[in-house]
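Inspection log for the structure reproduced underneath, given as structure tokens.
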Amino acid sequence: MTEVPRFAHGSRVPGWDAAVDLEKDPAEIPGVGGSPSPEVPEGLRAEIEGHLALYPDRHSAALPALAAAQRMYGWCSPEAIEQVACVMRVTPAYLDSVTTFYDMLETSPVPRHSVYVCTNISCSLCGADELFAAIQRAADEAPDGASEFNVRSFECLGACDIAPMASVDGVYVGPLTAGDVPQLLDDARAGRPVLPDRQLARRPVAADARAERRTLLLTDIDEPGLCTLDVYERRGGYQSLRKALQMTPEEVLEQLKSSGLRGRGGAGFAMGTKVSFLPKGAREKYLVCNADESEPGTFKDRELMQKTPHSLLEGIVIASYAAGTGRAFVYIRGEYVLQADILDEALREARAAGYLGEDVLGSGHSVSLVVHRGAGAYICGEETGLLDSLEGKRGNPRLKPPFPAIQGLYQGPTLINNVETLSTVPSIIAMGGGEYAKLGVETSTGTKVVSVSGHVKRPGNYEVELGIPSREIIYGLAGGPPDGRKVKCWFPGGSSAPVLKAEDLDIPYDFNSLAQAGSMLGSGAIIVVDDSTPILEVAMKVAKFYRHESCGKCTPCREGTNWTVKMLERIDEGEATPMDLDIMASVQEHIIGNCLCVLGDAMAMPIGSILAKFREELEAHMEDARARRGLSGAGASGAALAAYPAAGHTPVGGAPPAGAQAGRRGALDA
């Protein structure tokens, strides 16, 4: 009951580097060419065949087919894989290679209840590791000695606003304390709703301290029934689609260009320009919505899909019209069970109403849409890793160029945008691109949903106009750190963004201003760390996450992330010297720009910034660690960590003292 083990190549199975046995017979497809055909339960066969019918290539059905087998048998057993292979007409070896890549596909028998405890940085700052240990202990104390719970430490689950939290059989609950554990497990055992008053499904959007703030995406988002077509249409839903279909695709594209909308997923590339890159002509083109949202600290797309799914669907259809794409896919992370279910229902409603499918609203434009569920892999948030995963492969990034706009899904031209970007499209069409461009600032137009988590009193999603001072988001909206604490550092754009310090709080929150300050807006996720937490533990949590999530395909990322973790551990164990900090900084510089994708950069950028901005504290930590071990040269270490008073010290990976935790819990409930 620990985190999923990983080998250097990103798989849970060793032997990837073993020599190929050339004497072995070629792999066979069960039931083909005289090969024995396994008995496949009719229900499983029907479900797999239903998935196969949704895709132009049968391999794309691998993840949903394996998930169906796992639901039936409890895990992806060799027999289950054999049955799936028989229906899909692929080899079991192919499916086995896919299964071992994804965290949510089990390769050995597990208890019937799954409890995933998020232990990434935002949750750890609020005591997640103590919660994980408490759940482990309680689950191990089963009366008959056989636990009913598969308890796993999981990387960011996209619910940082209810930190610390857990997913119990797909139901998100939080904030949690160790005292909640007995009730949580008892509810699961008895088949009752788990801690109903703590379920994420019932949490309203974060309260905005300034009611007059201009919002587009979060306006009245908690209106009951907004996720249904009836309520969405009553509020003017799909009117933007009707308006767009009265225009030519070129006119719609011009509105997107004039809006200045930059992608909200991390890279900040202009959406209109990206659409224009797709070649013209009759060749099959694709639109893919990246709903994988796995960046630690980011949970905005989750809220949009859960509460206003039709905004996303409407944006997809408009974008597909502008881009000339006939097939669309939403790749949603597997952990988002509730949100995927809501999207599936919204899709059914939209299709029945004529907003999707053949000849949309009599316009002559046709577009199909599939909600494709992932299976737990951060790397699939990278656009080419996502495409490989959507094609039914391991989510390994591709070499670029060619870029997806030219050669993407199924080798066809592909437009990829994230949930918030596409959900903004209906507002742009409704108000006009020029009017939208008046919001925000010149180089960063419009509004942005910002996810704020960590050491703040009111974590949650806040929609702001870009260009707002960052201090107003952290202190004005999210309430700032707990009373008596100060901001030590903050990540402006998720855990992959270089950290900034308290003196940077007045920097405008927009793409260019943050870039000029040496960081980036990224996914729009602010993680706040107050002065109770040693910076080494923050760095350790970040580095361990990227080491775990590296697919292992390229050397700088695979070796660099692992080596960085080991060096940080040397600091904590009193074995490092100041020279090691220089070597670490040099290694981060050599990782950046030398990987197939930006996952290696995503670790190197924040770690490099921590080394540069907090060198003195890291050196003090070394000396303190040496003093604890009784080594020479540490005589001055008595005050080495004086900045962290014993009362209130909150280690990342631990929990604050009872009083401090209670104070934070009250803030989280606010």
Side-chain angles (χ1 to χ4, degrees), residues 6-11 16-17 101 155 263 265-269 290 292 294-296 377-389 393-408 416 491-499 511 514-523 539-571 579-613 615:
R6 290 283 189 187
F7 296 89
H9 59 305
S11 172
W16 66 281
D17 54 351
F101 188 83
E155 300 298 349
F269 195 82
N290 185 345
D292 192 65
S294 305
E295 177 75 6
Y378 170 80
I379 191 62
C380 292
E382 193 277 333
E383 61 180 13
T384 63
L386 182 154
L387 293 177
D388 264 24
S389 182
K393 307 169 187 173
R394 300 162 70 92
N396 289 322
R398 302 175 181 177
L399 183 65
K400 294 185 288 189
F403 292 94
I406 304 301
Q407 187 174 315
I416 306 177
F491 297 78
S495 67
S496 61
V499 300
F511 290 99
L514 289 169
Q516 291 168 6
S519 189
M520 61 183 186
L521 187 144
S523 59
M540 190 86 75
K541 184 62 71 171
V542 170
K544 284 184 175 180
F545 168 73
Y546 289 104
R547 177 182 68 175
H548 179 268
E549 294 300 326
S550 172
C551 76
K553 189 172 183 178
C554 53
T555 303
C557 178
R558 181 185 67 243
E559 303 301 330
T561 54
N562 188 44
W563 185 88
T564 299
V565 170
K566 291 180 178 179
M567 291 302 292
L568 292 171
E569 290 173 342
R570 276 172 53 83
I571 293 173
M579 183 181 295
D580 290 323
L581 299 179
D582 297 325
I583 298 173
M584 284 181 66
S586 176
V587 168
Q588 309 313 307
E589 292 173 0
H590 283 83
I591 292 173
I592 295 174
N594 291 309
C595 303
L596 279 171
C597 76
V598 296
L599 189 142
D601 300 40
M603 181 209 67
M605 290 189 295
I607 296 299
S609 68
I610 288 172
L611 292 169
K613 296 175 184 291
R615 183 183 180 101

Do any N or O atoms from the side chain of S550 and from the backbone of Y546 form a donor-acceptor pair under 3.5 angstrom? no
So, does S496 use its side chain to make a donor-acceptor pair with the main chain of G494 at under 3.5 Å? no
Sidechain-backbone polar pair: E295 side chain, S495 backbone, donor-acceptor under 3.5 Å: yes
Restricting to non-hydrogen atoms, name the atom on A543 and the atom on I607 that form the minimum distance, rounded to 0.1 Å. CB-CD1, 4.2 Å
Could you tell me the separation between the CD atom of Q516 and the CZ atom of F511, rounded to the nearest 0.5 Å? 14.0 Å
Output for pair (I379 CD1, H548 NE2), nearest 0.5 Å, gives 13.0 Å
Given 3.5 Å as the limit, does a donor-acceptor pair link the side chain of S519 with the main chain of P498, or not? yes
For D601 against G593, the heavy-atom pair lying closest together: OD2-N, 3.0 Å
Between T561 and V565, is a side chain to side chain contact (heavy atoms under 4.5 Å, CB included) present by the stated rule, with each step listed? CA-CA 6 Å; T561 54; V565 170; 5.8 Å; no
Working to the nearest 0.5 angstrom, can you tell me the gap between N396 CG and E382 CD? 10.0 Å
Under 3.5 Å: donor-acceptor pair, side chain of E549, backbone of Y378: yes
CG (L596) and OG1 (T384) are apart, to the nearest 0.5 Å, by 8.0 Å
How close do D388 and R394 get, counting heavy atoms only, and between which atoms? CB-O, 3.6 Å
Given 3.5 Å as the limit, does a donor-acceptor pair link the side chain of S389 with the main chain of G385, or not? no
CD1 of I571 to CE of M584: how many Å apart, nearest 0.5 Å? 5.0 Å
Scanning both residues in full, the closest heavy-atom pair of P404 with I416 reads CB-CD1, 4.0 Å
Minimal non-hydrogen separation, S294 against D292, with atom names: OG-OD2, 2.8 Å
Give me the atom names and distance for the closest heavy-atom approach of M605 to M520. CE-CE, 3.7 Å
Measuring from atom CG of L581 to atom CE of M567, what distance do you get when rounded to the nearest 0.5 angstrom? 8.0 Å
